[in-house]
Amino acid sequence: MTATQPEPDPEQRLIALGLELPPAPAPLAAYVPARRAGNLVFVSGQIPMKDGSLIAQGVVPTDVDPETAVRCAVQCTLNGLAALKAEIGTLSRLRRVVRLGCFVASAAGYHEQPKIANGASELLIEVFGEAGRHARAAVGSVDLPLGAPVEIEFVFEVQ
Amino acid sequence: MTATQPEPDPEQRLIALGLELPPAPAPLAAYVPARRAGNLVFVSGQIPMKDGSLIAQGVVPTDVDPETAVRCAVQCTLNGLAALKAEIGTLSRLRRVVRLGCFVASAAGYHEQPKIANGASELLIEVFGEAGRHARAAVGSVDLPLGAPVEIEFVFEVQ
Amino acid sequence: MTATQPEPDPEQRLIALGLELPPAPAPLAAYVPARRAGNLVFVSGQIPMKDGSLIAQGVVPTDVDPETAVRCAVQCTLNGLAALKAEIGTLSRLRRVVRLGCFVASAAGYHEQPKIANGASELLIEVFGEAGRHARAAVGSVDLPLGAPVEIEFVFEVQ
């Protein structure tokens, strides 16, 4: 499932996976999609927006089934990579993925946040190989912005 | 709404906005208000304490209306800046705001955490200009310490 | 309660406290227990696993009483230190604890997340002295992985 050597061109790898890097998230009034400090880039919490709307809405598993929530985690990750690319120019300047904070809008009693977060983690490893391995916190949230089922924030180390 | 050049004296800017930097939060037994690592300062999650008590209590919007919650986010930010100042001596040594983690105590079905978090984000940009722009994660929480409606933690880069 | 000088050998200190550093958490498929970037080590969210199972399950205080939840926070911290040790070889190379993110699975209306998080914070100060002091965010979560009552993630600065 996971590549074990760094990928030379992560953007080609995304294309090979049939995935499309979306346009960079528009800067919002009160915060920015990504902020660099030294070699670290902190990317804002991403929700599964695609072409201007959420690909699903509600809590897991009551409103949104786990398979759909995994797809949401993938979309959050694509949006996060687009924000990173806008900050550093090209994904090949990524040195390593450092940390993911994954929030899953969860019905009380739903314990499988890690399975949802794996959608993000596995994609990062497929795209970046060893450099994509990261620390992670996955937790349940009572509710998320716009009713998103998943929100993911990122810390990357770059060259 | 937002200044686009760095403010030469952020503490004067706060005064001009009619806002008061509170005394530094007292160090608590088991953790500290701020911790520096290299050029990064991590500030502990701040709740809207003012003069020793919360300015509001409960979840949004059931117990606390959104306008009040925005004022809570402003107070959290003032407390966070006080913690930063106690760590580095003067706010003019801030290089940039890096990241906010904003937790909003939310009734199920409440999706507008970003509007609440904007209270913090807009203040930081008014005070610091471009240096105040930051990455952010805003999420809902089932409950927060002391029944606070909002808790915000911060990462700053300093000189 | 707290030591005020750095401990020369934190692993000896753990033994003196009657606590056992568990085996390093096994690397999971999609993420890793710890990830280093420069002098910072980010440790993944730890749940109170001991000898392969959770020491308690459910939300606080309905299913799990606060005293048990404090013990969960201690176990999360032992697991986090084991992950740190596996990354850097020995705990004596820790320079300082920087940040804890503590999530407490909370019934609505439960406000005492800081008391639970103190289980982690006090242990870190007992083990590392001044170097153990840290910034912290403690928040309530509607539900956590596997039904854990507590999840804690860590940022450490190392030599």
Side-chain angles (χ1 to χ4, degrees), chain A residues 25 27-47 49 54 57-59 62-63 76 79-80 83-84 86-87 98-110 113 137-156, chain B residues 1-2 37-42 59-62 70 73 77 94-126 130-144 153-159:
Chain A
L28 302 179
Y31 66 100
V32 291
R35 190 65 156 155
R36 182 167 181 167
N39 287 328
L40 298 180
V41 175
F42 292 74
V43 169
S44 291
Q46 300 294 317
I47 55 176
M49 299 291 285
L54 287 173
Q57 195 181 36
V59 300
T62 329
D63 305 320
C76 292
N79 294 345
L84 174 66
E87 181 67 24
V98 178
R99 173 190 176 263
L100 263 61
C102 181
F103 298 88
V104 179
S106 299
Y110 181 68
Q113 293 84 15
V139 300
S141 179
V142 67
D143 219 293
L144 291 170
L146 308 186
V150 183
E151 176 174 337
I152 308 180
E153 60 169 343
F154 305 82
V155 180
F156 298 105
Chain B
M1 181 195 67
T2 62
N39 287 328
L40 298 180
V41 175
F42 291 75
V59 301
V60 186
T62 328
V70 168
T77 305
L94 178 121
R95 190 177 290 163
R96 59 175 66 85
V97 183
V98 178
R99 173 191 176 262
L100 264 58
C102 181
F103 297 88
V104 178
S106 300
Y110 180 69
H111 301 334
E112 306 208 349
Q113 294 84 15
K115 284 192 186 170
I116 309 307
N118 280 351
S121 294
E122 292 176 2
L123 174 59
L124 289 166
I125 295 168
E126 288 196 57
E130 276 302 305
R133 294 192 181 276
H134 50 268
R136 190 178 88 182
V139 301
S141 179
V142 68
D143 218 293
L144 291 170
E153 62 170 342
F154 303 83
V155 180
F156 298 105
E157 189 184 30
V158 300
Q159 293 175 347

Undergrad: Mind checking the CG-NE2 spacing from A/Asp143 to B/His111? Nearest 0.5 Å is all I need.
TA: 5.0 Å
Undergrad: Is the shortest side-chain N to carboxylate O distance from A/Glu153 to B/Arg99 below 4.0 Å?
TA: yes
Undergrad: Could you have a look at A/Glu151, A/Arg35, A/Gln46 and say which one has the most heavy-atom pairs with chain B under 4.5 angstrom?
TA: A/Arg35
Undergrad: For A/Phe42, is it the side chain, the backbone, both or neither that has a heavy atom under 4.5 Å from a heavy atom of chain B?
TA: both
Undergrad: At a heavy-atom distance under 4.5 Å, which candidate from B/Gly38, B/Ala107, B/Gly101, B/Gly109 has the highest pair count against chain A?
TA: B/Gly109
Undergrad: Should the ring pair A/Tyr31 and B/His134 be called parallel, tilted or perpendicular, given that the plane angle runs from 0 to 90° and is split at 30 and 60?
TA: parallel
Undergrad: Could you have a look at B/Arg136, B/Glu157, B/Arg95, B/Gln113 and say which one has the most heavy-atom pairs with chain A under 4.5 angstrom?
TA: B/Arg136
Undergrad: Quick check on the interface: out of B/Ala117, B/Ser141, B/Ala138, B/Pro114, who has the most heavy-atom pairs with chain A under 4.5 Å?
TA: B/Ala138
Undergrad: Examine whether an atom of B/Val97 lies under 4.5 Å from a heavy atom of chain A, and if so say whether it belongs to the side chain, the backbone or both; otherwise answer neither.
TA: backbone
Undergrad: Among A/Ala108, A/Gly45, A/Ser44, single out the residue with the greatest number of heavy-atom pairs under 4.5 Å to chain B.
TA: A/Ser44
Undergrad: Please report the C-alpha distance between A/Val142 and B/Val59 in whole Å, then the side-chain angles of each, then the deciding distance to 0.1 Å, and finally whether the side chain to side chain contact (heavy atoms under 4.5 Å, CB included) criterion is met.
TA: CA-CA 11 Å; A/Val142 67; B/Val59 301; over 6 Å; no
Undergrad: Using heavy-atom distances under 4.5 Å, tell me whether A/Ile152 contacts chain B through its side chain, its backbone, both, or neither.
TA: neither
Undergrad: Select one option (side chain, backbone, both, neither) describing which atoms of B/Leu100 are under 4.5 Å from chain A's heavy atoms.
TA: neither
Undergrad: Step by step, work out the side chain to side chain contact (heavy atoms under 4.5 Å, CB included) result for B/Glu112 and A/Leu146.
TA: CA-CA 7 Å; B/Glu112 306 208 349; A/Leu146 308 186; over 6 Å; no
